[in-house]
Amino acid sequence: MPAPALPTMPGREVAGVVDLLGTDVDLLGTDVDPVWLGRRAVAHLGLVSGGYAEQATASVDKLFPLLDHVGFADAVAAVGTGRTALGVLALEPPRAGDRVLVLSAAGGLGWLLVQGAAWHGARVVAAARGAERTAQLAALEPELVVDYGSGDWVERVR
């Protein structure tokens, strides 16, 4: 991936309400279906930056409709980090009874990997640094939560 031209606006995932329609060049210049107007949606912009801007444009073939109960922040996490987590789990799918250690489990990718490995039936150890983060991880109900800031975490995992 080439370095961005500066100045740049980072971010490759967006979520919001579609407030303007146009012609979609990626779809052979056809007009975008008016059903999208006013609809809540999420998109991954690919290699294009600009997701942190107040407004963004996306090709209609990149849009996914959002149900009302899904928040924009959750949708952005799912379309970006969620795709990465699914890719990791597809590359090396855990099986029932496998032991899986997830480091940095309190981060976005770790949070999803803990849930995904558990869903596959693996015995999950969620590791993070600090009492606040490890307390949050307990809500995911892994087999074990460890604080790798403590001196005994390796022994606890063993």
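As the structure is a prediction and not an experimental result, all values here were calculated from the model.
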Discussion item. Between L86 and T84, is the side chain to side chain contact (heavy atoms under 4.5 Å, CB included) condition met? List the steps.
Written reply: CA-CA 5 Å; L86 288 174; T84 301; over 6 Å; no
Worksheet item: Looking at residues at least two apart in the chain, or sitting in another chain, which of them share a side-chain contact (heavy atoms from CB on, under 4.5 Å) with R99?
Response: R123
Worksheet item: When rounded to the nearest 0.5 angstrom, what is the spacing between CG in L103 and CZ in R129?
Response: 11.0 Å
Fill in: Verdict with supporting geometry, L89 and L113, side chain to side chain contact (heavy atoms under 4.5 Å, CB included)
CA-CA 8 Å; L89 292 167; L113 289 174; 4.0 Å; yes
Practice prompt. Report yes if the side chains of P65 and R39 come closer than 4.5 Å at any heavy-atom pair, otherwise no.
Written response: yes
Fill in: Non-hydrogen atoms of S150 and D152 that approach each other most closely
OG-OD1, 3.0 Å
Practice prompt. State which residues pass ring-ring contact (aromatic ring centres under 6.0 Å, His included) with W36; sequence neighbours excluded, sorted by chain then number.
Written response: none
Item to complete: Would you kindly confirm whether L37 and V60 end up in one hydrophobic cluster when ILVMFWY residues are joined by side chain heavy atoms under 4.5 Å apart?
Response: yes
Worksheet item: Should we count CD of E155 as having more than 12 external heavy atoms under 6.0 Å?
Response: yes
Discussion item. Using the rule that Ile, Leu, Val, Met, Phe, Trp and Tyr join whenever any side-chain heavy atoms are under 4.5 Å apart, tell me whether L109 and V124 fall into a single cluster.
Written reply: yes
Item to complete: Treat each ILVMFWY residue as a node, draw an edge where side-chain heavy atoms are under 4.5 Å apart, and state whether L112 and V88 are in one component.
Response: no
Practice prompt. Go through the structure and list residues passing side-chain contact (heavy atoms from CB on, under 4.5 Å) with F72, not counting sequence neighbours.
Written response: A15, V17, R40, L66
Discussion item. Side chains of V146 and R156, heavy atoms from C-beta outward: is any pair under 4.5 Å?
Written reply: yes
Worksheet item: Taking all non-hydrogen atoms of both residues, which atom of V157 and which atom of V125 are closest, and how far apart?
Response: CG2-CG1, 3.9 Å
Discussion item. So which atom in R12 and which in G46 form the shortest heavy-atom distance, rounded to 0.1 Å?
Written reply: CD-O, 2.7 Å
Worksheet entry | Worked check of side chain to side chain contact (heavy atoms under 4.5 Å, CB included) between V42 and V14 | CA-CA 6 Å; V42 64; V14 296; over 6 Å; no
Discussion item. Could you work out, with side-chain contact (heavy atoms from CB on, under 4.5 Å) as the rule, every residue matching A106, not counting sequence neighbours?
Written reply: A128, R133, L137
Discussion item. Measuring only between side-chain heavy atoms, which start at C-beta, is L45 closer than 4.5 Å to E13?
Written reply: no
Worksheet item: Going hydrophobic residue to hydrophobic residue with side-chain gaps under 4.5 angstrom, can you get from L101 over to V114?
Response: no
Worksheet entry | Closest approach of V100 to A122 (non-hydrogen atoms, all atoms of both residues) | CG2-CB, 3.7 Å
Worksheet item: To the nearest 0.5 Å, how far apart are CG in L144 and CH2 in W153?
Response: 10.5 Å
Worksheet item: For H44 and R83, what are the C-alpha separation, side-chain angles and deciding distance, and is it a side chain to side chain contact (heavy atoms under 4.5 Å, CB included)?
Response: CA-CA 10 Å; H44 192 283; R83 292 174 3 148; 3.8 Å; yes
Item to complete: Quick one: which residue pairs count as a ring-ring contact (aromatic ring centres under 6.0 Å, His included) with a foot in residues 90-113, not counting sequence neighbours?
Response: none
Item to complete: Can you see which heavy atom on G50 is nearest to which on A56, and at what distance?
Response: O-CB, 4.3 Å
Worksheet item: Considering all heavy atoms of both residues, which atom of L21 and which atom of P34 are nearest to each other, and what is their separation?
Response: CD1-CA, 3.5 Å
Item to complete: Could you grab the distance from atom CD of Q55 to atom CG of L20, nearest 0.5 Å is fine?
Response: 9.0 Å
Fill in: side-chain contact (heavy atoms from CB on, under 4.5 Å) partners of V154, counting only residues at least two apart
R158
